[in-house]
Amino acid sequence: MFLEFWRDVEALLRDALDRCGFPLPEADGKVEGNELLLEMSPHADLASTISFRLAPVLKKSPAEISRRLQEAIVLEGKGTVDRAEAMGPYLNFFSSGRFLESTVLEAAADDCWTGSMTERVIVEHTSANPNGPLHVGHIRNSVIGDTLVRILRRAGCRVDAQYYVNDMGRQIAIVVWGCGRYPLDGSKPDHAIAKVYIQANKDLAAAPELKAGVDRLMQLYEAGDPETAAKFREKVEYALSGIDETLGRLNIAHDSRRWESEFVRDGSTAEVLKALEATGLTGWEEGSLQLDLSGQGFEKKLVLKRSDGTSLYTTRDLAYHRWKAERSDRMIDVLGADHKLISGQLRAALRLMGVREPEIVIFEFVSLPTGSMSTRRGKFISTDELLDEVEAQAYREVTARRPEEGEEFRRAVAREVALGAVRYDVVRVSPEKATVFDWKAALDFEKLSAPFIQYSHARACSILDKAGSFGDFDPGLLSGPEEVELVKKISQFDLAIDLAARELKPHLLATYARELAEIFNQFYRASPVLEADPGVREARLALVEAARNCLRATLETLGIPALESM
RNA sequence: GGGCGUGUAGCCUAGCCAGGACAAGGCGGCAGCCUCCUAAGCUGUAGAUCAAGGGUUCGAAUCCCUUCACGCCCGCCA
């Protein structure tokens, strides 16, 4: 679809540059992959501003360069391109009727939504400490991570979504220690663990001498004491079962878990330490092993081993990343902004060891109107609570709109609308923006939201359902402006996926989804389908089918259920 | 104090990395559209010195410098 059009335009433009004897603009290393300066434009299907770049080199006006290029373009054999026009300094390209027709045919056949990437990718996301439930800060990690997984799969990659289980940290030792003092009540496992964790922290704050008990647990666990290991394993698994349940409500599942203790037990953490010592940049300070990263631009030394001999999160993480590097072509970590510094140090240390560095997607924090969240202090809105509230609101909405439907239908719709609303609300904002959680916005199901997109899909389904089967169609009859716009937007599915997959920007797909739904709704309003004249009716039905398939593929890639009725 | 990030209409956000054709959406405001395929929809309208100041450029929301505001980090926590 659109990527093919893009490649055809590139070929035409390169060829024209050749004919004119014009050079490619200086590749200043920044324009990588787009030295022809092609961009989306409201004035064309694809536009180039290359003439501006060439003007000082050729000592000609941009308009003249565009005119010469247009004259030099030979369309022959490029079926997706209809024409090129020099519009002042700009060079505008327009897609052909044949391109639009084949887009409708492919999309209606529902077999054009997977790209051609083939890399093996490991995406690590969520990886929350198993010391309590996911809260509304964590879901940003989970939703961005899972959406990236889905986008990369859609692009063609083989993806392994991993949860890195922090079972060796102090937090977990505190949980295990706390469980020795307080029973877990019968509530949802992750919530029950949090209660003990919060109480244990209070105890420790009140009586700091108790800390020794926690330290001792950490040492025993690191040493591999079987009884301690069983306790840790049990509590962590218990918390994870609750976390998994919540993730399930969000339509998120990991393919595998890696426990950080694995990397201590199998000796790879020790190997990493050895490899780092071989760089000559490590040293012992006050009994702890530290790595000097000043050559990599980090002032602070990185502590690799505590003075009591136990390892630290970062050291184990280095072993984990070495493991991942050996098993993937791309590895991607989704991390909160608080990990910016440490992940930079991690990359620097990997560089020193000659291990490929991960691509890191950093997202800024979600805070409450009253301030930042904290599991330790019990100050958070849990994801479960959020989903419950949104679901209740969705239930009220669907009951008001579809009173004739049964309880089961309304419950099911409410659940899927709520899940979609929460996911979309998170994914639509670019990760580098800090956000403040807002109940009112979370419960708003209007235009800039998942239900808006789900609704478009349901409308398309409704039309197709009423139409039943229909015969051959001529896509050439789709010439109204709303029809053409819709086809063009459908064709851009592969572009949206490709861009989001290469740049790891899931919010680009959220934007695409909104635009697609919006254009479908405009088409819906302007173009009767079932009552259209024979011929036009079949063509429009095919377009509705194409749009339905595209909406469904887009929603699925966003992890949002594509409801057929709501 | 140092590092990183953010600042776009009353509110939330896209665009910024790869500078170019009128700064794009949503919420809220105002005005319309259901004898017609689901109105969770569609149409119109008002609302922006793109934080401030300087610079680079034929051209800056976008690049550079300074300042201000907010967030995060600077732990033998994760």
Side-chain angles (χ1 to χ4, degrees), chain A residues 27-35 37 39 41-44 47 49 51-53 55-56 61-62 87-90 92 127-129 131 166 168-172 260 285-290 297-300 303-308 310 312-314 317 336-342 344 362 364-365 367 372 394 397-398 400-402 417 421 428-430 432-436 438 440-441 444-456 458-467 503 507-508 510-511 514-515 517-518 521-522 524-532 540 544 565-566:
Chain A
D28 43 9
K30 286 179 179 174
V31 290
E32 122 193 50
N34 191 19
E35 51 276 342
L37 300 168
E39 58 187 25
S41 160
H43 309 278
T49 55
S51 303
F52 285 109
R53 274 306 109 73
S61 78
M87 182 64 75
Y90 301 94
N92 291 338
S127 300
N129 274 324
N131 60 349
N166 307 138
M168 297 197 87
R170 180 167 296 278
Q171 282 85 342
I172 303 314
E260 56 175 348
E285 280 182 38
E286 294 171 27
S288 70
L289 183 65
Q290 309 204 354
F298 294 94
E299 252 180 75
K300 289 274 179 175
V303 178
L304 298 170
K305 196 190 253 189
R306 292 193 184 91
S307 45
D308 70 359
T310 56
L312 282 113
Y313 172 84
T314 317
D317 210 19
D338 53 340
H339 282 68
K340 258 187 258 187
L341 177 64
I342 195 68
I362 295 279
E364 290 290 331
F365 266 45
S367 55
S372 59
E397 299 262 354
V398 69
R401 293 164 210 276
R402 305 293 296 274
V417 162
R428 52 173 258 262
V429 182
S430 71
E432 64 270 19
K433 205 95 147 189
T435 60
V436 177
D438 177 359
K440 187 170 169 289
D444 180 4
F445 301 145
E446 288 186 359
K447 204 165 184 178
L448 203 59
S449 72
F452 172 80
I453 303 155
Q454 291 171 307
Y455 188 68
S456 301
R459 278 178 150 177
C461 288
S462 171
I463 292 175
L464 293 169
D465 188 47
K466 288 199 165 68
E503 301 192 358
H507 76 278
L508 296 178
T511 301
R514 196 210 83 230
E515 291 169 350
E518 199 162 55
N521 284 334
Q522 286 159 358
Y524 177 92
R525 197 74 191 147
S527 317
V529 177
L530 298 175
E531 302 302 320
R540 286 186 181 164
V544 171
S565 177
M566 61 187 279

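Here is how names work: the chains are called A, B, and so on, in the same order as the sequence lines, proteins then strands, and each is numbered from 1. The model shown is predicted, which means the values in this text are computed figures rather than measured ones. Side-chain atoms are counted along with the backbone in the values below, which use heavy atoms only and exclude waters and symmetry mates.
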Quote, to the nearest angstrom, the [atom1] distance that separates [N] from [M].
N     : M     : atom1 : answer
B:A24 : B:U66 : P     : 32 Å
B:U8  : B:U13 : P     : 8 Å
B:A48 : B:G55 : P     : 27 Å
B:C11 : B:G5  : P     : 25 Å
B:C68 : B:G29 : P     : 39 Å
B:A21 : B:C63 : P     : 16 Å
B:C65 : B:C74 : C1'   : 25 Å
B:C37 : B:C22 : C1'   : 36 Å

Can you tell me how far the [atom1] atom of [X] sits from the [atom2] atom of [Y], to the nearest 0.5 Å?
X      : Y      : atom1 : atom2 : value
A:E285 : A:S307 : CD    : OG    : 12.0 Å
A:R525 : A:R459 : CZ    : CZ    : 7.5 Å
A:R170 : A:N129 : CZ    : CG    : 13.0 Å

* Under a 4.0 Å N-O cut-off, is there an ion pair linking A:R540 with A:E531? ->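 The answer is no: the pair does not qualify as a salt bridge.
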
* Asked: What's the base orientation of B:C34: syn (chi within 90° of 0) or anti?
  ->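 That one's syn.
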
Scan every strand shown for a Watson-Crick or G-U wobble partner of [N], both distances under 3.5 Å, and answer none if you come up empty.
N     : answer
B:C22 : none
B:G10 : B:C27
B:G71 : B:C4
B:G41 : B:C33

Respond yes when some side-chain nitrogen or oxygen of [X] is under 4.0 Å from OP1 or OP2 of [N], and no when none is.
X      : N     : answer
A:K447 : B:A40 : no
A:H507 : B:U13 : no
A:K433 : B:G7  : yes
A:Q522 : B:U43 : yes
A:N34  : B:A18 : no
A:R514 : B:U13 : no
A:T49  : B:G19 : no

* Does any non-hydrogen side-chain atom of A:K300 lie less than 4.5 Å from one of A:Q290? -> no

* Asked: Do A:I463 and A:Y524 have side-chain heavy atoms sitting under 4.5 Å apart?
  -> yes

Quick one: which of [options] gets closest to the side chain of [X]?
X      : options             : value
A:E364 : B:C77, B:G71, B:A14 : B:G71
A:D444 : B:C77, B:C27, B:C73 : B:C27
A:A337 : B:C72, B:C27, B:C17 : B:C72
A:I463 : B:C76, B:C37, B:A40 : B:C37
A:R401 : B:C77, B:A39, B:A14 : B:A39
A:K440 : B:G41, B:C37, B:C27 : B:C27
A:T435 : B:U13, B:G41, B:A78 : B:U13

* **Residue whose nearest RNA chain B nucleotide is more 5′ - A:K340 or A:R525** =>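 Closer to the 5' end of RNA chain B: A:K340.
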
* Hey, which sits more toward the 5' end of RNA chain B by its nearest nucleotide, A:A394 or A:S527? =>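 Looking at RNA chain B, the more 5' nearest nucleotide goes with A:S527.
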
What's the [atom1]-[atom2] distance between [X] and [N], to the nearest Å?
X      : N     : atom1 : atom2 : value
A:N131 : B:C77 : CG    : P     : 16 Å
A:Y524 : B:C37 : OH    : C1'   : 5 Å
A:F445 : B:A39 : CZ    : C1'   : 17 Å
A:L341 : B:G75 : CG    : C1'   : 11 Å
A:I453 : B:G41 : CD1   : C1'   : 14 Å

For a quick check, tell me whether the side chain of [X] and the base of [N] share a donor-acceptor pair closer than 3.5 Å.
X      : N     : value
A:E515 : B:A14 : no
A:N92  : B:A21 : yes
A:S462 : B:C37 : no
A:T314 : B:A78 : no

* **Sugar-phosphate only, base, or nothing, as touched by A:T511 at under 4.0 Å among non-hydrogen atoms** =>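 Here A:T511 touches no strand at all.
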
* Base, sugar-phosphate alone, or nothing: which one does A:E285 contact when heavy atoms must sit under 4.0 Å apart? -> base

* When you measure from the side chain of A:R402 to the backbone N and O of A:M566, does any donor-acceptor pair fall under 3.5 Å? ->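 Yes, the answer is positive, given that a donor and an acceptor are paired below the 3.5 Å cut-off.
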
* Considering all heavy atoms of both residues, which atom of A:A337 and which atom of A:F365 are nearest to each other, and what is their separation? ->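 Shortest heavy-atom contact: N-CE1, 3.8 Å.
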
